[in-house]
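Computed from a predicted structure; not experimentally measured.
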Amino acid sequence: MSAEQDGPQDRLRRFATIWSRAVFPVTSTSATRPEFEEQLLPLARRLSEALKARIFDAEEARAVGAGLVAAHCTDPEALSRTLDCVDAYLVLYCGEDSSDAAQEDLRARAARLQHAMAAGFAQALRERTLAEQEAIAQAALRAQGLVAQALHASEARFRAVFEGAAIGIGMADLDGNLLQVNGALLRMFGVSEQTMRSRNVKEWTHPDDAPQTWKLYDELVRGVREHYHVEKAFYRPDGTVLWTNLTVSLLRDADGNPQYQLALMEDTTERRLLNLRLRYEATHDALTGLPNRTFFFERLEKALGAGAGQRFGLCYLDLDGFKTINDSLGHAAGDRLLVEVADRLQSCATAPGEMVARLGGDEFVALTTGPETEREVDELAARIMNVLLAPVSIDGRELTVRGSIGIVEGPAGERSPAEVLRSADITMYRAKSAGGNRFELADPEADARAITRHGLTTALPAALDRGEFFIEYQPLVHLGDGSVRGAEALVRWLHPQHGVLGPDRFIPLAEDTGLIVPLGRWVLEQSVRQARDWRERHAEAGPLRINVNLSPCQLTHPGLVQDTVDILERTGVAPDALCLEVTESALIGADDDLLKPLRRLAEMGVDIALDDFGTGYSNLANLRRLPVSILKLDRSFTQSMQQFPADPVDLKIVEGIVSLAHSLNLAVTVEGVETGAQAEQLRILGCDTAQGWYYARPGPPDRLHELALVDATG
């Protein structure tokens with residue numbers, strides 16, 4: 001069974017199994033591997049819940065890291081293997097089914113969880129070590145006390161603890177002169193005992209010492225403090241740095257007076273390097289070395305939370321045509337291009353408060369902060385566009401690099417990081433839609449339109465299932481006798497928030513998402529059923545035909561013909577009651593494969609209308625090869641006829657089109673008729689049918705019944 005087929009609990013169990021198998025070999029535990037798996041299962045559940053939590057909680061991941069130490073997973077290799085498992089399998093088994101964008105967010109969160117786990121692991125291991133150190137210190141103190149009572153016995157026990165300890169131990173007087181050091185301490189520093197004892201404690205300073213380190217030391221040797229614990233760095237003789245967890249305790253004589261200082265040192269250099277590496281890998285892009293999405297969001301959140309008077313500017317860059325480079329030259333060439341682009345972008349953001357990051361793919365962001373970002377962000381965008389001008393040489397080819405940039409600028413504290421990035425993304429796509437190779441400034445109104453468009457796109461599938469679409473009908477009137485010959489079906493969306501939406505608001509979205517096919521099928525079936533009802537209930541009005549629009553996506557769908565046949569057969573409607581309208585632009589340059597479905601429908605008796613004729617700049621000679629029986633003349637040719645006198649040029653054009661159409665046995669329908677004078681002029685010119693507000697606006701089917709009955713009883 002695949003991860004996609006398992007239930008949530010099964011996926012969680014599989015993740016825990018993989019985790020236990022990876023870590024068990026390096027765990028110091030008496031439990032069996034299945035028993036160890038049961039110990040990891042609650043930790044895996046906490047990780048899964050933290051991954052999917054609405055608000056990210058690093059404490060949960062830190063607790064999981066501490067839980068590993070509690071389960072005796074104290075070997076650094078156990079942490080390394082755990083992080084590998086979380087990186088490879090947490091999102092796969094615990095992320096559930098989600099979109100690509102959600103998967104990307106889950107992987108970013110998994111990276112942050114890894115960092116927090118490593119921090120929790122290190123903290124728990126440090127606390128455990130401190131407990132051991134305290135036990136050793138207490139043992140040393142007890143051994144020192146026994147010297148006064150039983151010198152020979154106590155000396156043997158103290159020496160065993162002192163020399164056998166795995167951590168470094170040193171004893172010094174209150175002036176800082178070293179009196180005793182054990183072998184572990186000498187190995188940590190890589191020096192001989194003589195060299196070590198020749199140095200005074202006060203000489204062991206380091207630039208990274210915390211400000212309070214030497215204050216604590218001074219308080220201890222003065223007897224004000226009994227002990228202190230700090231993280232401290234030391235220089236070794238070879239110049240390398242030794243990082244330690246240092247605990248220093250004060251030893252008093254029998255009268256309670258300060259006498260010695262005892263230092264316990266744990267070497268944390270490798271652990272610190274591991275934490276730094278994990279932090280770097282979690283916050284930097286592996287390919288380009290730039291800060292990644294996680295690091296960028298941290299910086300952006302900090303910039304947006306700055307005090308009054310601070311501003312920010314963000315440039316969101318997406319390369320134009322990068323997919324073509326990947327597809328033609330391969331991903332290796334694409335990766336080299338991204339590395340070169342990253343280097344160039346890095347050179348653009350060198351001023352204080354500026355940074356560049358890679359969000360993923362070919363998307364980069366540049367951030368500038370300060371009080372004057374209104375000017376600085378424009379200059380930053382200009383620098384970015386300028387550095388992209390020079391071609392990039394890849395495998396002997398000179399590749400031209402272009403990019404589209406969306407700019408968002410404003411005062412800190414007004415928007416969240418997600419809102420800022422969404423605005424920048426929308427603006428970037430606006431620049432790309434305008435031709436690319438440019439930058440655009442964010443516009444709140446454009447953002448609102450894009451957000452509304454996205455919301456409508458998301459709601460479309462459910463809207464069809466919930467029955468939120470309905471159809472209005474606009475009558476088709478014969479210009480010769482004024483009779484109603486049929487109607488055009490026009491789909492509407494009754495949106496719960498936005499009210500009634502016309503097809504111009506949602507048909508392009510349906511085409512982009514592929515929903516146009518099931519929506520178009522629904523419109524066709526509803527319209528054909530309505531045509532059947534008209535013919536059955538109002539036979540005295542004569543046969544009424546229904547016109548249904550077809551989108552270009554429906555034309556290329558392989559089920560168009562069969563769907564139409566099935567609908568006509570189910571409803572019992574003859575093919576001649578149906579007219580399918582296809583825009584002229586959809587048929588420009590159409591080959592035989594595209595025209596074949598229309599020809600089959602035309603042979604069955606379905607009328608095919610060429611909609612918006614005159615706007616597609618098609619060759620009039622092509623009309624002979626198109627399987628159309630009706631031309632729908634675009635309203636742009638007849639608008640001047642609403643006024644008297646009409647434009648003589650438009651009259652000649654319409655007259656010529658009508659003459660040409662009739663010579664090819666094509667009927668002519670005119671859209672947008674709004675005045676009686678316009679209708680009369682079109683009748684004189686020989687047009688066959690018309691539709692428009694002069695006759696009726698689109699409305700419910702009963703209005704068409706009324707118009708048809710009035711005409712029949714006339």
Side-chain angles (χ1 to χ4, degrees), residues 100-101 104-105 108 283-285 287-288 290-304 311-323 334 337-338 340-351 353-370 373-389 401-412 414-451 453-454:
D100 290 344
E104 183 181 351
D105 289 340
T283 58
H284 286 74
D285 175 52
L287 176 64
T288 63
L290 291 178
N292 62 11
R293 178 183 290 269
T294 300
F295 194 179
F296 169 73
F297 264 90
E298 291 177 1
R299 284 287 299 274
L300 180 59
E301 189 170 16
K302 182 178 179 181
L304 296 178
R311 303 180 69 87
F312 76 95
L314 185 146
C315 297
Y316 192 117
L317 168 69
D318 184 272
L319 300 183
D320 297 335
F322 179 73
K323 183 178 184 300
L337 176 63
L338 291 175
E340 174 63 26
V341 170
D343 290 343
R344 296 185 183 185
L345 295 180
Q346 190 77 337
S347 69
C348 295
T350 56
E354 294 182 345
M355 73 167 293
V356 173
R358 182 190 179 203
L359 297 185
D362 60 331
E363 296 178 340
F364 298 85
V365 285
L367 177 67
T368 181
T369 57
T373 55
E374 292 174 279
R375 171 183 54 81
E376 292 170 355
V377 72
D378 288 341
E379 295 176 352
L380 179 58
R383 291 199 300 272
I384 292 173
M385 298 299 292
N386 187 58
V387 298
L388 294 179
L389 289 176
V401 184
R402 295 291 183 267
S404 300
I405 298 177
I407 299 176
V408 179
E409 193 279 334
E414 293 187 354
R415 286 178 281 185
S416 69
E419 291 171 335
V420 169
L421 204 63
R422 180 176 61 183
S423 178
D425 189 32
I426 292 171
T427 308
M428 179 272 293
Y429 276 107
R430 185 152 50 85
K432 195 174 285 288
S433 299
N437 193 30
R438 68 183 64 208
F439 58 82
E440 296 281 349
L441 295 176
D443 176 19
E445 293 184 2
D447 287 359
R449 289 194 297 270
I451 293 170
R453 176 184 174 90
H454 180 267

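Residues Arg375 and Glu379 are paired through a salt bridge, judged by an N-O separation under 4.0 Å between the basic side chain and the carboxylate. Between Glu354 and Arg383, at least one side-chain nitrogen of the basic residue sits less than 4.0 Å from a carboxylate oxygen of the acidic one, meeting the salt-bridge criterion. Using a cut-off of 4.0 Å between Lys/Arg side-chain N and Asp/Glu carboxylate O, Glu409 and Arg311 are scored as salt-bridged.
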- Message: Go through it in stages, so that I can follow the logic: the residues are Glu440 and Thr427, the test is side chain to side chain donor-acceptor pair (under 3.5 Å), and I'd like the CA-CA distance, side-chain angles, deciding distance and then a yes or no.
- Response: CA-CA 6 Å; Glu440 296 281 349; Thr427 308; over 6 Å; no
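To the nearest 0.5 Å, atoms CG (Leu317) and CZ (Arg358) are separated by 12.0 Å. The structure places OG of Ser423 at 9.0 Å from CG of Asp443, a figure rounded to the nearest 0.5 Å. Of the inter-residue distances, the one linking Met355 atom CE with Leu314 atom CG reads 10.0 Å to the nearest 0.5 angstrom. The CG atom of Leu300 sits 8.5 Å away from atom OG of Ser416, with the distance rounded to the nearest 0.5 Å. The structure places CG of Asp105 at 6.5 Å from CZ of Arg293, a figure rounded to the nearest 0.5 Å. Between atom CG of residue Leu380 and atom CG of residue Leu345 there is a gap of 9.0 Å, rounded to the nearest 0.5 Å.
At least one side-chain heavy atom of Phe364 sits less than 4.5 Å from a side-chain heavy atom of Val341. For the pair Phe295 and Leu290, the minimum side-chain heavy-atom distance is 4.5 Å or more. When side chains are defined from C-beta on, Phe297 does not count as touching Lys302, because their heavy atoms never get closer than 4.5 Å. Using a 4.5 Å heavy-atom threshold, the side chains of Asp362 and Leu338 count as touching. Taking 4.5 Å as the limit, every side-chain heavy atom of Val408 sits out of range of all side-chain heavy atoms of Tyr316. Using a 4.5 Å heavy-atom cutoff, the side chains of Ser404 and Asn437 are not in contact.
Under the salt bridge (Lys or Arg N to Asp or Glu O under 4.0 Å) criterion, Asp320 pairs with Lys432, not counting sequence neighbours.
Not one N or O on the side chain of Thr373 forms a donor-acceptor pair closer than 3.5 Å with the backbone of Glu376.
Of the candidates Leu421, Asp425, Asp285, Asp318, Leu421 is the only one forming a side chain to side chain contact (heavy atoms under 4.5 Å, CB included) with Leu359.
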